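Notes follow once the structure below has been shown.
Fair warning: this is a prediction, and the values are worked out from it, not measured in the lab.
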Amino acid sequence: MTDETVATLDEGWSGEGCPASAFVRRSFLHGAAAGLAGVAGGVALGSGAALADTVAVPKTGPTSRVIPFHGYHQAGIATLPQQDAIFVSFDVTASDRAALTKLFRTLTSRARFLTAGGRPPKAAPTAPPTDNGILGPTVVADGLTLTVGVGASLFDGRYGLSARKPVQLVTMTPFRHDDLDPALSQGDLLIQICADHRDTTVHALLDILTHTKSAMKLRWRIDGQRNPERPVGVRRDWFGFKDGISNPSVSDDAQMNQVVWVQPKSAEPAWAAGGTYHVVRIVHFAIEAWQKVPVPQQERIFGRRKASGAPLYAVGENAPDIFDPIYTNDPQGLITPLNSHIRLANPQTPQTAATSTILRRSYDYDRSPNLPELDMGHAFVCFQQELKTYIAMQTRLEGETLVPFISPRGGGYFFALPGVQDEKDYYARRLLT
């Protein structure tokens with residue numbers, strides 16, 4: 001383990017709700033210290049180049065860990081996914097550029113406090129409370145990250161920012177089989193709120209709404225969770241398949257700089273360096289129809305074994321899920337169908353090599369109002385240096401055999417801002433000045 005990754009351990013914490021075991025498995029594979037495999041506590045990871053941002057901190061609660069807020073990149077991107085998430089999109093109502101700047105300063109101050117934890121200021125006896133109290137008298141950090149992104153509509157001319165829009169940032173338009181609901185799509189601003197427990201994400205959302213209601217209004221929201229690893233390896237989605245097996249290593253700075261982070265002196269505006277394109281797609285699953293499909297057919301639709309997550313040519317439930325299939329000996333798709341999900345996502349051809357790597361950080365959702373009308377699915381989330389990488393991949397997936405079982409209904413494209421680097425900095429400072 002390098003000195004750039006420092007674990008934050010809470011004595012007596014079982015690690016429930018924290019993706020420590022996934023980190024241990026991947027750390028071993030990437031050459032990290034084998035001693036991590038015996039750690040039973042929580043593991044706190046920082047925000048990117050970024051893993052260097054994580055430091056040991058005093059305990060602020062029985063299950064609390066601090067993921068540092070300041071850094072060249074925002075936390076919540078290269079941070080290993082927490083248990084709970086809220087994705088909330090806003091329409092900005094700030095009256096002018098000065099009011100917009102004030103909004104970003106306010107978001108920064110709230111995020112800086114909430115992610116560190118601490119005692120809220122006392123209110124006068126006749127004044128409203130300064131905190132909603134959901135977390136008790138002291139706010140615990142609880143692995144909280146807030147990741148802020150801007151949509152194309154923020155650059156529409158209201159604030160004089162049109163010339164500074166990220167080069168590839170556009171409004172999400174439907175793919176061939178999408179059924180996008182305008183009420184569940186787009187937005188000027190996206191805040192991704194992730195933490196180890198549900199009460200922490202809700203507390204943060206209510207705090208932000210309270211402090212920013214004069215400058216923005218809620219457009220849509222999707223809540224997500226990450227299921228445990230069953231039995232080992234990678235978590236499963238509502239279809240029962242392991243999700244996110246193929247992903248770049250967040251501890252590999254060179255790879256992250258190549259496929260995720262916008263670099264200085266690129267085609268993007270100078271202020272965008274250190275940021276990344278952020279995609280959220282709300283994908284409804286037709287679970288009842290899926291459950292009628294025989295498992296061998298399900299496996300050919302996905303391109304992986306259901307029990308293990310291994311490629312289709314692997315045998316046995318204990319086959320490892322950690323590697324990508326190889327198609328050189330299967331050019332006709334007799335083993336892994338050419339129109340299976342994983343093969344269209346990454347066909348492993350020279351023509352698609354540049355548009356096949358994204359950083360996935362997805363969550364499962366359940367919006368079922370009442371049974372038996374299920375509304376369960378996937379809050380698909382990914383980050384990439386170029387938005388066209390994702391668009392090209394999703395265009396290929398228009399022909400996948402999974403199409404009858406999914407219905408993309410909302411989401412949007414955003415640009416995740418560069419990180420807030422110190423106490424004097426604030427979200428979008430370089431964009432606004």
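In this structure, Trp238 contributes its side chain and Tyr365 its backbone to a donor-acceptor pair below 3.5 Å. Put simply, the side chain of Thr201 never gets that close to the backbone of Ala85: no donor and acceptor are under 3.5 Å apart. With Gln384 contributing its side chain and Val260 its backbone, the two residues share no donor-acceptor pair below 3.5 Å. Distance alone, capped at 3.5 Å, is enough to place a donor-acceptor pair between the Thr108 side chain and the Tyr427 backbone. Under a 3.5 Å cut-off, the side chain of Arg97 and the backbone N or O of Leu161 do not form any donor-acceptor pair.
Heavy atoms only, all atoms of each residue included: Arg164 and Phe155 are closest at O-CE2, 3.7 Å.
Between Asp91 and Arg219, at least one side-chain N (NZ, or NE/NH1/NH2) sits under 4.0 Å from a carboxylate O, which counts as a salt bridge.
The aromatic rings of Phe302 and Phe239 sit perpendicular, their planes meeting at an angle over 60°, well past the 30° parallel limit. Using the six-membered ring where Trp is involved, Phe175 and Tyr390 have ring planes that are perpendicular, over 60° apart on the 30 and 60° scheme. Using cut-offs of 30° and 60° on the angle between ring planes, the pair His73 and Trp261 is parallel.
For the residue pair His70 and Arg112, a side-chain donor N or O sits within less than 3.5 Å of a side-chain acceptor on the partner.
Heavy atoms of other residues, nucleotides or ligands lying less than 6.0 angstrom from CG of Asn329 number 12 at most.
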What do the steps show when you test Asn227 against Gln225 for side chain to side chain donor-acceptor pair (under 3.5 Å), and what is the final call?
-> CA-CA 6 Å; Asn227 298 324; Gln225 67 178 54; 2.7 Å; yes

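With a 4.5 Å cut-off on side-chain heavy atoms, Arg119 and Thr138 count as touching.
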